[in-house]
Chemist: 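I'd like to ask you about the structure that follows.
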Amino acid sequence: MPLFGNTFSPKKTPPRKSASLSNLHNLDRSTREVELGLDYGTPTMNLAGQSLKFENGHWIAETGISGGVDQREALRLRKRNQQLEEENSLLQMKVDILLDMFSETTAEFQIMKKELNELKSVNRRRK
């Protein structure tokens, strides 16, 4: 038994095998569909009797009515809402500018008023 030697020497682990020998994960969706015949279609779900499908990054009601509102009407309302938000932002900016202008005018008025009072007091001393 060695006095200062290393008595514990584990065996080297064998190198890991590749997780997948298939290169299908490198192919894009359309190529996989052609090669393997995988056509899953659009994802759909059913919530509270309402059937929804996923298209272009949004869930759309298959019946065309979502909560009693037509999809075209909902899209129109979203666009109108965005227009109103932009208009509101513009009006708030205009209000801020007007408040700045009002503050500047008030400050100038106060300075003029102070100067006028000083001139009046100087004029009274001369008399």
Chemist: May I have the list of side-chain donor-acceptor pairs in residues 75-86 shorter than 3.5 Å, sequence neighbours left out?
Modeler:
from: Arg76; atom 1: NE; to: Glu73; atom 2: OE1; distance (Å): 3.4
from: Arg76; atom 1: NH2; to: Glu73; atom 2: OE2; distance (Å): 2.6

Chemist: Can you tell if the side chain of Leu52 reaches within under 4.5 Å of the side chain of Leu47, non-hydrogen atoms only?
Modeler: yes
Chemist: Find out whether Trp59 and Met45 are in side-chain contact, i.e. whether some heavy atom of one side chain is under 4.5 Å from a heavy atom of the other.
Modeler: yes
Chemist: What pairs of donor and acceptor atoms, side-chain ones from residues 96-107 against any protein atom, are under 3.5 angstrom apart with sequence neighbours left out?
Modeler:
from: Ser103; atom 1: OG; to: Leu99; atom 2: O; distance (Å): 2.9
from: Thr105; atom 1: OG1; to: Met101; atom 2: O; distance (Å): 2.9
from: Thr106; atom 1: OG1; to: Phe102; atom 2: O; distance (Å): 2.8

Chemist: Suppose the criterion is salt bridge (Lys or Arg N to Asp or Glu O under 4.0 Å): which pairs have a residue in residues 48-61, not counting sequence neighbours?
Modeler: Lys53-Glu55
Chemist: Can you give the donor-acceptor pairs under 3.5 Å from side chains of residues 112-121 to other protein atoms, not counting sequence neighbours?
Modeler:
from: Asn117; atom 1: ND2; to: Lys113; atom 2: O; distance (Å): 3.4
from: Ser121; atom 1: OG; to: Asn117; atom 2: O; distance (Å): 3.4
from: Ser121; atom 1: OG; to: Glu118; atom 2: O; distance (Å): 2.7

